[in-house]
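These numbers come from a predicted model, not from an experiment. Below, chain A is the first sequence line, B the second, and so on; all start at residue 1.
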Amino acid sequence: MSDDELPPLRAAIEAILLVVDEPIAEVTLAQVLERPREEVGAALRELSAEYTEQGRGFDLREVAGGWRFYTRDNCAAVVERFVLDGQQTRLTQAALETMAVVAYRQPVTRARVSAVRGVNCDGVMRTLVLRGLVEEMGTEQETGATLYRTTSYFLERLGLRDLDELPELAPFLPDDVENIEDGR
Amino acid sequence: MSDDELPPLRAAIEAILLVVDEPIAEVTLAQVLERPREEVGAALRELSAEYTEQGRGFDLREVAGGWRFYTRDNCAAVVERFVLDGQQTRLTQAALETMAVVAYRQPVTRARVSAVRGVNCDGVMRTLVLRGLVEEMGTEQETGATLYRTTSYFLERLGLRDLDELPELAPFLPDDVENIEDGR
Amino acid sequence: MARKRLKSANVRDVIEQSAPKTSGSGGFEVHLEVFEGPFDLLLGLIAKHKLDITEVALHKVTDEFIAYIQSYGPEWDLDQASHFLVVAATLLDLKAARLLPSGEVEDEEDLALLEARDLLFARLLQYRAYKEVAGLLAARMAEQARRYPRIVPMEPRFAELLPEVILGLGATEFARLAGRVLTPKQPPIVPIEHIYTPRASVREQATLLVGRLRRIGRATFRSLTSDCAGMYEIVARFLALLELYREGAVSFEQIQPLGELYVSWSDTDEAEVADDDHEDYEDYEDYDDYEAEEATADE
């Protein structure tokens, strides 16, 4: 492919994003397009801002480590007429709390999560694993207890780029509380 | 859906076009959006002209009575390179697992596959269809849901002559599991 | 070594958001659906009285907490009940601490109470933080659910170009994978084999002791238990001795605290003691498991 055949970088990115069915990493795009990653990243952010500015019905977002086209949120009601199985079951309060503890404490054992919540969470944890929001990741060395962490599907469901984007927990906690011993 | 919740017509059209699987007729769009067909048609043509003018990597075209996003012609070479790049060759773990459920439970609906895997697998199923490993075969009588089965290409890729050659599942299942699973 | 006292954060607003539903009359209704665990209930009670979590008006909260536990009667699952009891016990301690004269806290017990209070509050604050952030996550999920990703099959002209699929596994591995996927996912089970302890029957131990004491008349507890197989058996034997003491079959003598405990056989009315049909022994059957567990925990 010679240089003069190449479309502008931004158009090339749009074309590729149109055919992918899962988030595509900046670095993958950069490789295929043979451009520096920074340049590709900048173009992606430019496009995303432009779509927003022009009030387009689609949006370009970076979620779970990759870029992907999404419908814009103000179009949800319209889109739902077409997306048959868009209904995602809501999580219970218990599941949400358990997921929150796993998200901030990962990797973490069930016993620790139970200690934080003051109530047994085995059943809830199983639900989260079945839903693909949480997964096992080996065992704790001292106790042999299974460790859990959140999945990339969790990031997708929350629309987060990575775990660093989780809201800060600190504002809700006075000093020192984070580190109190959960064991009893 | 009340009027003030509605996004502007053009944004609504863009959002729907982003998620539909196949070309969608002007009249269908008009019905869903509860707008005169002429207005919808005009908006579609406006959008299409705008994309061309702005040099976007995608294009909005009416083909065989339906509108759909396509990659712009001058970007085809880039998309081809991306497709040939090999990123798409290997099936993801999710795709393999979905295919396994289809293979041993066929004919089967997407809802059932999702239930077995515990996560929504609609996107993965589409990929499998696209890759020619799985195909539709009519609908379930009671529900009207589409049924899926594996293809001969699937057999070929797995090195089998026909489905009877699929290895027995029993040795890989704990006792009684077959019944438990079917009871759901 | 007293834990650093928690600063009084301005937490009232936050707590109020997690306030439980109160009935129209202002009466307080508690349901397990509303309160999932002791921390949840405690937060709810604190919110109900609009108390700052770190500025205690413990008497009210404690009373209601205990009333709640009592109202639940026998429907508890053991695990949850024990968590509730731990919190209730801590609260009672704290309530007791409130009755102490204010001023210098020198006594070790007072310090312990303060520590218990701080620990409970620390746990509560921690739990509340996660509850709060769970609310944020739920809001994010709801917001995210309004955006639909593009999952559309590739245009045929590109799909045709896709290289052959590489499955990366053979038929047998494929079947193994299918087996794994189709196996219902059981909740992980905590293995308890390693904490299993054989039972010791109090009745058996009593019979053994009666025989031995009849022969020798008097012995130390140490020597009476020297042949025990484990803690659980010592405990059972001790319980048997208490039972025999109640029956007046033995008497105890301990010259100084923590000194040797002497057990003497008193030969009055001996026939009744070894009687297998004795009702009190039946009751003790139930204690066997309990004591065995207790003993294991101590080890």
Side-chain angles (χ1 to χ4, degrees), chain B residues 15 17-22 68-71 76 79-80 82-86 88-91 93 95-101 103-105 116-118 122-124 126-133 153-154 156-160 165-174 177-178 180-181 184, chain C residues 33 36-37 77 79 130 133-196:
Chain B
L17 286 169
L18 194 78
V19 295
V20 292
D21 283 24
E22 34 193 49
R68 191 195 153 145
F69 279 127
Y70 292 89
T71 50
V79 175
E80 277 167 24
F82 170 75
V83 169
L84 289 168
D85 194 40
Q88 313 255 328
T89 319
R90 199 168 272 280
L91 288 182
Q93 186 65 19
L96 279 173
E97 289 181 8
T98 303
M99 200 169 66
V101 180
Y104 282 94
R105 287 285 181 270
V116 170
R117 290 196 53 234
D122 295 358
V124 177
R126 285 196 193 94
T127 303
L128 291 175
V129 172
L130 180 73
R131 306 305 311 264
L133 292 159
Y153 180 62
F154 160 80
E156 185 193 309
R157 296 316 294 167
L158 211 55
L160 304 176
E165 282 197 348
L166 263 183
E168 283 285 328
L169 197 55
F172 302 109
L173 286 176
V177 162
E178 194 82 4
I180 297 170
E181 198 275 319
R184 277 204 281 213
Chain C
E33 304 86 70
E36 216 230 342
D77 84 68
D79 191 58
Y130 283 110
V133 93
L136 289 186
L137 298 189
R140 275 211 75 117
M141 286 177 110
E143 190 194 317
Q144 180 62 17
R146 292 167 52 77
R147 310 168 201 265
Y148 293 86
R150 178 172 167 87
I151 314 172
V152 173
M154 222 174 260
E155 291 163 47
R157 63 168 163 162
F158 297 125
E160 282 161 15
L161 291 175
L162 283 170
E164 293 267 359
V165 179
I166 297 173
L167 292 190
L169 38 69
T172 312
E173 291 95 86
F174 185 72
R176 184 173 291 121
L177 175 83
R180 192 168 52 70
V181 177
L182 290 168
T183 300
K185 295 166 183 70
Q186 301 288 355
I189 293 162
V190 181
I192 51 163
E193 289 78 13
H194 64 286
I195 57 170
Y196 172 76

Taking every heavy-atom pair that is under 4.5 Å apart, which of B/Arg68, B/Met99, B/Arg157, B/Glu97 has the most such pairs with chain C?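 Among B/Arg68, B/Met99, B/Arg157, B/Glu97, the one with the most close pairs to chain C is B/Arg157.
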With chain C, which of B/Ala15, B/Gly132, B/Ala95, B/Ala76 has the greatest number of heavy-atom pairs at distances under 4.5 Å?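 Option with the top pair count is B/Ala76.
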If you compare all heavy atoms of [X] against all heavy atoms of [Y], which two are closest, and at what distance to 0.1 Å?
X: C/Val181; Y: B/Val101; value: CG1-CG2, 3.6 Å
X: B/Leu17; Y: C/Arg150; value: O-NH1, 3.9 Å
X: B/Leu169; Y: C/Ala178; value: CD1-CB, 3.7 Å
X: C/Phe158; Y: B/Val83; value: O-CG1, 3.7 Å
X: B/Leu158; Y: C/Leu169; value: CD1-O, 3.8 Å
X: C/Ala171; Y: B/Pro167; value: O-CG, 3.3 Å

Between [X] and chain C, with a heavy-atom cut-off of 4.5 Å, which part of the residue counts as in contact: side chain, backbone, both or neither?
X: B/Tyr153; result: side chain
X: B/Thr71; result: both
X: B/Val129; result: neither

How long is the span from the CZ atom in B/Phe172 to the OG1 atom in C/Thr172, to the nearest 0.5 Å?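 So the CZ of B/Phe172 and the OG1 of C/Thr172 are separated by 6.0 Å.
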B/Leu18 CG to C/Tyr148 OH distance, which is reported to the nearest 0.5 Å: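 B/Leu18 atom CG to C/Tyr148 atom OH measures 13.0 Å (nearest 0.5 Å).
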Taking only residues two or more places apart in sequence, or in another chain, which ones meet B/Glu165 in a side-chain contact (heavy atoms from CB on, under 4.5 Å)?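 B/Leu160, B/Arg161, B/Asp162.
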